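Heads up, the thing below is written out as structure tokens.
Here the structure is a predicted model, which means the values were calculated and not measured.
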Amino acid sequence: ERFFNAAVAAESRLKELAADERLAENAWTETDAAGRRIFISVREILQDRTEPLRLKLLEINLSIYWMSGGREKNIALKTVKAVKKPDLDQEQRPWDEPGQSGTYGDA
């Protein structure tokens with residue numbers, strides 16, 4: 001039963017993290033209401049493959065630890081989230097000539 005509860009808690013927290021629009025590379029530790037320790041890390045992966053794309057991949061790792069029968073138990077979960085790279089419209093895009101807005105069809 002403790003394993004099931006920990007698995008549900010870990011999956012729920014992983015879904016929360018994946019839904020967070022502000023998610024960025026980082027690592028931290030939390031303790032949940034049941035006293036379980038949760039280690040979380042977020043890092044960008046496959047940068048060489050996503051460089052030409054307008055998105056990047058973030059790998060979210062979550063490990064949850066609890067005590068059962070005098071021994072420490074854990075579960076590790078991982079997922080990947082695709083996020084948009086910072087908007088190029090905010091900067092000069094390499095294909096725009098100076099003084100152009102980057103919109104097409106305006107004459």
Could I get the full list of side-chain contact (heavy atoms from CB on, under 4.5 Å) partners for Ile75, not counting sequence neighbours?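 So Ile75 forms a side-chain contact (heavy atoms from CB on, under 4.5 Å) with Phe3, Ala6, Ala7, Ile64, Trp66, Leu77.
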With a 4.5 Å limit on heavy-atom distance, are the side chains of [X] and [Y] in contact?
X	Y	result
Ile38	Thr29	no
Phe39	Trp28	no
Ser63	Asn74	no
Leu23	Val83	no
Glu59	Lys78	yes
Glu16	Asp20	no
Leu17	Ile40	yes

Measure the [atom1]-[atom2] distance between [X] and [Y] for me, rounded to the nearest 0.5 Å.
X	Y	atom1	atom2	value
Leu58	Lys81	CG	NZ	7.5 Å
Arg49	Leu57	CZ	CG	10.5 Å
Lys15	Leu62	NZ	CG	13.0 Å

I would like to know whether Arg2 and Met67 meet side chain to side chain contact (heavy atoms under 4.5 Å, CB included); could you show each step before the answer? CA-CA 9 Å; Arg2 288 183 185 169; Met67 296 299 293; 5.9 Å; no
So, for Ala9 and Arg36, which heavy atoms are closest and what is the spacing to 0.1 Å? CB-NH2, 3.4 Å
Given 3.5 Å as the limit, does a donor-acceptor pair link the side chain of Ser12 with the main chain of Val8, or not?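 A pair under 3.5 Å: no.
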Without swapping roles, check the side chain of Lys85 against the backbone of Glu51 for a donor-acceptor pair under 3.5 Å. yes
Applying salt bridge (charged side-chain N to carboxylate O under 4.0 Å, His left out), can you list everything that pairs with Glu25, at least two apart in sequence or on another chain?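 Testing Glu25 for salt bridge (charged side-chain N to carboxylate O under 4.0 Å, His left out), a comparison that skips the adjacent residues, returns none.
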Pairs touching residues 65-77 that satisfy salt bridge (charged side-chain N to carboxylate O under 4.0 Å, His left out), sequence neighbours left out: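 For residues 65-77, and leaving out neighbouring residues, the salt bridge (charged side-chain N to carboxylate O under 4.0 Å, His left out) pairs sorted by first residue read Arg37-Glu72.
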